[in-house]
Amino acid sequence: MARGTLNAAAVVDAAAELCDDCGLSQLTLARLANELGIKPPSLHKHIECLGTLHRELALRGLREANRRMTRAAIGRSGDDALLAVARAYREFASEHPGLYAASLRAPEAKDAEWTRAAAEVVGIAVAVLEAYGLTGNDALHATRAVRAIIHGFVSLEAAGGFGSTLKLEESLDHLVLTFAHGLRADGVSAAAKAARLRKRNS
């Protein structure tokens with residue numbers, strides 16, 4: 001890259017590619033500078049510090065997840081929408097592991113832009129879950145559950161933890177549909193059941 005074309009966006013572009021290749025934990029300013037063919041101090045003209053770079057990667061990851069999930073959900077509802085969104089989220093995590101890792105961190109409380117980007121991703125899941133009669137805290141609990149399910153699946157997949165010949169896509173669909181079945185099993189929210197059990201065991 002010619003030095004004259006280097007700017008903040010180009011630095012984040014290079015960082016995104018690098019962390020997808022080597023992992024977010026292996027991303028350093030020195031490594032990024034070497035990738036760009038410049039000296040580390042020159043990066044500070046465009047990126048204040050590694051923390052700032054991680055924030056930019058988180059924003060990019062959240063926006064990409066949002067774009068894919070929104071596109072997947074269009075024209076769908078219920079199980080069809082939930083499956084489509086889950087598949088889109090898994091594809092993003094598989095294709096961009098570094099950006100995905102960056103997007104997992106909760107935003108800083110005072111960072112309005114980051115908070116908004118994270119809320120938009122959550123909002124897609126909450127909207128999809130409305131088809132199951134979930135709103136408010138029930139929907140947020142279910143959103144956390146879906147996220148945990150897919151994150152666990154993606155993490156095992158990335159680590160080579162699935163040795164069976166079964167197709168991973170089918171396993172993910174089975175997992176998501178089993179979860180969806182539980183959401184509407186008897187009309188009583190999981191949050192209400194959990195509250196009863198906590199009260200009973202207190």
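Computed from a prediction, not measured in an experiment: that's the story for all the values here.
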Checklist entry - Quick one: which of L6, L53, L36 gives a side-chain contact (heavy atoms from CB on, under 4.5 Å) with H46? => result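 By the side-chain contact (heavy atoms from CB on, under 4.5 Å) criterion, H46 pairs with just one of L6, L53, L36: L6.
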Please name the pair of heavy atoms, one in [X] and one in [Y], separated by the smallest distance, quoted to 0.1 Å.
X	Y	answer
G78	V128	O-CG1, 4.4 Å
I47	T52	CG2-CB, 4.3 Å
L24	A101	CD2-C, 3.9 Å
L172	A86	CD2-O, 4.2 Å
T115	A109	OG1-O, 4.2 Å
L50	L29	N-CD1, 3.9 Å

Would you give the length of the straight line joining atom [atom1] of [X] to atom [atom2] of [Y], rounded to the nearest 0.5 angstrom?
X	Y	atom1	atom2	value
N34	T28	CG	OG1	9.0 Å
D138	H141	CG	NE2	7.0 Å
L99	C19	CG	SG	5.0 Å
L129	L183	CG	CG	6.5 Å

Tabulate below the donor-acceptor pairs under 3.5 Å that side-chain atoms of residues 67-76 make, not counting sequence neighbours, or state none.
residue : atom : partner : partner atom : Å
R67     : NE   : E64     : OE1          : 3.1
R67     : NH2  : E64     : OE2          : 2.7
R68     : NE   : E64     : OE2          : 2.7
R68     : NH1  : E95     : OE1          : 2.9
R68     : NH2  : E64     : OE2          : 3.4
R68     : NH2  : E95     : OE1          : 2.8
T70     : OG1  : N66     : O            : 2.8
T70     : OG1  : N66     : OD1          : 3.1
R76     : NH1  : A72     : O            : 2.7

Is any side-chain heavy atom of [X] closer than 4.5 Å to a side-chain heavy atom of [Y]?
X	Y	value
E56	W114	no
T143	L134	no
V126	T135	no
V12	L57	yes

Checklist entry - Between R63 and E113, is there a salt bridge with N-O shorter than 4.0 Å? => result yes
Checklist entry - Looking at E48 and K45, does any basic side-chain N land under 4.0 Å from a carboxylate oxygen? => result no
Checklist entry - When you check the side-chain N and O atoms of H151 and Y89, is any donor under 3.5 Å from an acceptor? => result no
Checklist entry - Is a side-chain donor-acceptor pair under 3.5 Å present for D79 with Y132? => result yes
Next on the checklist: Ring-plane angle category for F162 and F153, please: parallel below 30°, perpendicular beyond 60°, tilted otherwise.
Outcome noted: tilted
Next on the checklist: Under 4.5 Å between side-chain heavy atoms, counting indirect links through other Ile/Leu/Val/Met/Phe/Trp/Tyr residues: same cluster for V122 and L104 or not?
Outcome noted: no
Checklist entry - Side-chain heavy atoms under 4.5 angstrom apart, residues restricted to Ile, Leu, Val, Met, Phe, Trp, Tyr: same cluster for V121 and I149? => result yes
Checklist entry - Short question: side chain of S103, backbone of Y100 - any donor-acceptor pair under 3.5 Å? => result yes
Checklist outcome for this item: Residue pairs meeting salt bridge (Lys or Arg N to Asp or Glu O under 4.0 Å), one or both in residues 144-167, sequence neighbours left out, come to R90-E157
Item to check | salt bridge (Lys or Arg N to Asp or Glu O under 4.0 Å) contacts in which one or both residues fall within residues 9-36, not counting sequence neighbours | outcome: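 Those involving residues 9-36 are D13-R60.
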Next on the checklist: So for atom NE2, which belongs to H174, do other residues, nucleotides or ligands contribute more than 12 heavy atoms lying within a distance under 6.0 Å?
Outcome noted: no
